[in-house]
2 protein chains.
Amino acid sequence: MRVSLVTSADCAAFGLEFFEALRYLSADNGGVSRGGYSAAEDAAHTLLANYASRNGLTVSIDEACNTWVELPGIDSSADAIVIGSHLDSVRQGGNYDGAAGVVGGLAMLFRLQDTTQLRRPVRLVAFRGEEAAWFGTCYIGSRALVGTLESEMLDAVSPEYRISLREALQEAGADLGPIEANTALSASKSIHQYFEMHIEQGPLLVAADCPVGVVTGIRGNYRYPAITWLGEAGHSGAVSRNLRHDAVLGATEWLTTVERLWIDEEVAGADLVVTAGIFSTDPMHHAVTRIPDSVRMSLDIRSVDVSTLQRVSEQAMELASQIASRRGLEVLVGERVDTEPASIDTDTVSMIYDTALGLGYPAMKLPSGAGHDAAALGAAGIPIGMIFVRNENGSHNAQEALDIDDFCVGVDVLTEVTKRAAQ
Amino acid sequence: MRVSLVTSADCAAFGLEFFEALRYLSADNGGVSRGGYSAAEDAAHTLLANYASRNGLTVSIDEACNTWVELPGIDSSADAIVIGSHLDSVRQGGNYDGAAGVVGGLAMLFRLQDTTQLRRPVRLVAFRGEEAAWFGTCYIGSRALVGTLESEMLDAVSPEYRISLREALQEAGADLGPIEANTALSASKSIHQYFEMHIEQGPLLVAADCPVGVVTGIRGNYRYPAITWLGEAGHSGAVSRNLRHDAVLGATEWLTTVERLWIDEEVAGADLVVTAGIFSTDPMHHAVTRIPDSVRMSLDIRSVDVSTLQRVSEQAMELASQIASRRGLEVLVGERVDTEPASIDTDTVSMIYDTALGLGYPAMKLPSGAGHDAAALGAAGIPIGMIFVRNENGSHNAQEALDIDDFCVGVDVLTEVTKRAAQ
């Protein structure tokens with residue numbers, strides 16, 4: 001008896017069952033918690049490995065404990081087409097962020113079982129520890145694969161598990177040698193192209209009424225986690241405007257100016273999003289009748305183009321010091337944390353887009369705002385492609401809502417894309 | 001032996017000694033704490049009463065425990081000129097907010113001892129519980145005097161003392177009958193005019209290099225302690241601008257628009273100050289990479305003209321709902337707390353100003369941004385006048401800095417003003 005997923009109904013039944021099994025293994029207060037290199041993540045990988053090998057696929061585990069599943073019987077020395085995503089989640093997160101790509105990749109392998117004309121091996125990889133929520137660093141499994149996990153990250157201690165990443169890797173059975181040496185694992189050496197299917201973590205596909213999207217690039221970001229505006233406190237009634245040094249008025253003027261800059265960049269065709277997620281007067285001292293003397297805020301600038309990140313960041317900081325100086329304030333921009341964008345070549349984008357349209361599915365092209373394992377592989381020089389599947393309510397929360405029909409559309413597109421790439 | 005304060009040096013020595021005695025009775029961690037109806041405030045009133053009676057002045061205590069000091073021997077049934085301020089402070093506040101007017105009033109009484117041509121009685125009143133910091137309500141002694149202390153305020157419990165205002169009044173020996181009945185105390189019935197000298201709580205006199213100022217009116221305020229902006233959370237990288245409902249961007253746009261409105265009002269000649277002392281994303285949920293879905297902020301609008309308060313408040317709220325609606329946000333403006341402005345007639349302002357200039361002191365006219373006991377008396381229909389004395393570092397903090405020479409200038413002006421008013 002073998003798994004056959006010829007019809008959409010088969011695919012939906014398979015997906016529902018597999019997602020429910022995953023949820024059952026990691027249910028936590030309405031959501032799921034599958035921490036990187038935790039027992040819950042182990043269980044998810046074991047489920048995948050057992051299900052795959054029981055159903056005729058070839059399973060192996062690499063030195064970083066990533067799980068690999070392969071179609072047997074393709075006798076070829078050609079570089080492989082690799083499909084992947086991750087099985088870990090944030091704490092009390094949703095069941096689909098990451099898992100949709102792994103379960104979808106498994107469904108695709110079953111679909112391709114009888115395809116004889118594949119020239120390249122096709123492999124699925126389920127990565128470990130993609131979410132930064134557990135050890136403060138993201139893409140652990142995929143960076144270990146390509147040899148780019150900074151070894152000082154191994155000493156980071158998880159506030160949740162109270163052990164270091166090194167200890168967690170050891171407990172999971174990893175081979176620390178090549179990881180500490182920043183040597184690419186052997187599984188990474190024969191990858192021709194990497195594709196990842198992932199739920200969209202924003203609302204664009206829902207808004208455009210498209211079940212799938214083609215990712216045009218993964219946005220990098222320049223993050224300022226702690227910008228401080230310093231002014232002078234005073235009685236709210238007793239200081240005239242020209243003698244005030246109001247930190248809130250400086251910070252708000254700046255943010256509205258940065259928003260105008262954003263709009264101008266958009267009009268000029270740049271890819272850009274800007275967020276001040278944290279913005280706060282000092283809770284120890286602020287009061288209704290006190291001129292605020294300090295504001296702490298963050299700024300997160302994202303774009304698929306590194307030149308846009310550089311230009312906007314530079315202009316924003318220049319505006320901040322102009323405004324601070326005009327208002328007699330001090331602005332300390334603090335540390336900047338950079339993540340470079342990952343580009344996807346336009347031929348790959350067109351190939352995936354045409355495939356989706358050819359199968360009769362409405363599709364749109366869109367950038368990925370969040371990071372993915374694909375970015376780690378892309379940074380290591382492996383050509384990447386990404387498919388987004390429509391999903392309501394964003395991600396990193398228990399309310400993620402992937403319609404199983406959209407999942408099946410994603411599997412259709414992924415299967416056809418893989419076939420084309422492997423031929 | 002009697003106190004004589006003929007020279008400035010006498011006045012300075014007297015002031016320094018009295019302020020030091022007050023500080024000694026209520027020193028607290030570098031500042032002073034004289035809570036309304038507390039033992040520390042009792043001690044300050046006892047000091048005043050003992051010093052005054054020992055030095056030939058007539059002392060009495062009213063039903064609200066305010067202390068009254070009078071020049072003896074003025075045989076007149078005419079209504080009195082009353083000089084007053086308060087002896088309480090905020091917690092770990094400065095030694096001069098309130099006390100400067102009481103100590104200055106006492107110095108003035110000594111100065112006037114030998115003045116024979118006074119037609120009206122001259123009295124000093126030291127009020128109780130002016131600061132709202134202790135029982136959540138301000139002007140307790142002065143409102144009790146004029147019969148306007150809302151009786152429900154008596155049930156307010158001090159978080160510091162863990163007793164109600166009623167219990168605190170009883171402990172201090174007050175007669176609750178007239179206070180609860182909102183009957184004006186007999187001491188209030190023969191007041192011709194009330195003058196108050198107070199430290200400036202802002203930087204205007206320092207900036208203008210004037211030792212004294214003449215208050216043109218006491219700013220009222222329309223306060224919105226808790227305005228809430230509600231939007232929609234989302235991943236900072238995954239939602240395009242047109243699909244965002246960013247609460248911070250709405251609130252910052254609003255505040256910059258309100259600041260422009262403020263500038264326009266100033267250009268048109270209106271008296272106005274506006275402060276957003278509290279401005280904060282939700283500390284339980286905000287994050288660098290999360291589109292902020294809520295902001296809590298305050299807005300404090302102050303003016304000497306009630307029509308300005310009404311106009312600016314209305315326009316600001318209209319702008320808030322326009323911005324919220326354009327951005328797909330919800331804005332809940334919450335409760336508004338009003339304090340009406342107290343006006344000072346222009347003849348009184350001119351008289352005080354001319355007196356200061358006539359004595360050879362540089363002076364300026366300025367509004368009072370903070371409230372004062374004078375406002376309670378003014379609201380009850382008693383004509384008021386106010387003199388500000390230069391003071392560095394604002395008030396309600398241990399760094400208040402009143403130069404004793406400026407104090408003596410204030411006493412000079414107060415003495416001359418009182419003489420003119422009492423003649």
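What you see is a predicted model, and the numbers here were worked out from it, not measured in a lab. Chain letters run A, B, ... following the sequence lines, proteins first, then strands; residues in each count from 1.
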If we ignore angles and hydrogens, is there a donor and acceptor under 3.5 Å between the side chains of B:His198 and B:Asp97?
yes

Report the option among A:Ser368, A:Pro367, A:Gly277 that has the most heavy-atom pairs separated by less than 4.5 Å from atoms of chain B.
A:Gly277

Is there a donor-acceptor contact under 3.5 Å linking the side chains of B:Thr275 and A:Arg244?
yes

Do you know which of A:Met297, A:His285, A:Arg327, A:Glu200 has the most heavy-atom pairs under 4.5 Å to chain B?
A:Arg327

Between A:Arg241 and chain B, which part of the residue has a heavy atom less than 4.5 Å away: side chain, backbone, both or neither?
both

Under 3.5 Å, is there a donor-acceptor pair linking the side chains of B:Glu131 and B:His396?
yes

Give a yes or no on whether the backbone of A:Ala132 and the side-chain of A:Thr137 come within a donor-acceptor separation of less than 3.5 Å.
no

What part of B:Gln201 gets closer than 4.5 Å to chain A, counting heavy atoms only: side chain, backbone, both or neither?
both

Less than 4.5 Å to any heavy atom of chain A: does that hold for the side chain of B:Trp254, its backbone, both, or neither?
neither

As an exercise: rank A:Gly202, A:Pro225, A:Gly234, A:Ser280 by heavy-atom pairs under 4.5 Å with chain B and give me the winner.
A:Ser280

For each of B:Arg296, B:Glu266, B:Arg219, tally heavy-atom pairs with chain A at distances under 4.5 Å, and name the one with the top tally.
B:Glu266

Let me know if B:Val274 has heavy atoms under 4.5 Å from chain A in its side chain, its backbone, both or neither.
backbone

Region of A:Glu253 in contact with chain B, defined by heavy-atom distances below 4.5 Å
both

Short side-chain to backbone donor-acceptor contact, B:Thr256 and B:Thr252, under 3.5 Å
yes

If only atom types and distance count, is the side chain of B:Glu196 paired as donor or acceptor with the main-chain N or O of B:Ala374 below 3.5 Å?
yes

Segment of B:Glu232 engaging chain A (4.5 angstrom heavy-atom cut-off)
neither

Heavy atoms only, distances under 4.5 angstrom: which of B:Leu299, B:Asp293, B:Val288 has the most pairs with chain A? Name it, please.
B:Val288

Please determine, by modelled atom types, if B:Asp282 and B:Ser294 share a side-chain donor-acceptor pair under 3.5 angstrom.
no

Using heavy-atom distances under 4.5 Å, tell me whether B:Ala370 contacts chain A through its side chain, its backbone, both, or neither.
both

Give the member of A:Ile291, A:Leu366, A:Thr289 that has the highest number of heavy-atom pairs under 4.5 Å with chain B.
A:Thr289

How are the rings of B:His372 and B:Phe388 set to each other: parallel, tilted or perpendicular (split at 30° and 60°)?
perpendicular

Among B:Ala251, B:Ser303, B:Ser395, B:Ser240, the residue with the most heavy-atom pairs under 4.5 Å to chain A is B:Ser240

Donor-acceptor under 3.5 Å (A:Asn393 side chain, A:Gln399 main chain)
yes

Does B:Asn397 use its side chain to pair, donor to acceptor, with the backbone of B:Glu400 at less than 3.5 Å?
yes

Residue selection (most heavy-atom pairs with chain A, distance under 4.5 Å) from B:Ala287, B:Gly394, B:Ala247, B:Ala207
B:Ala287

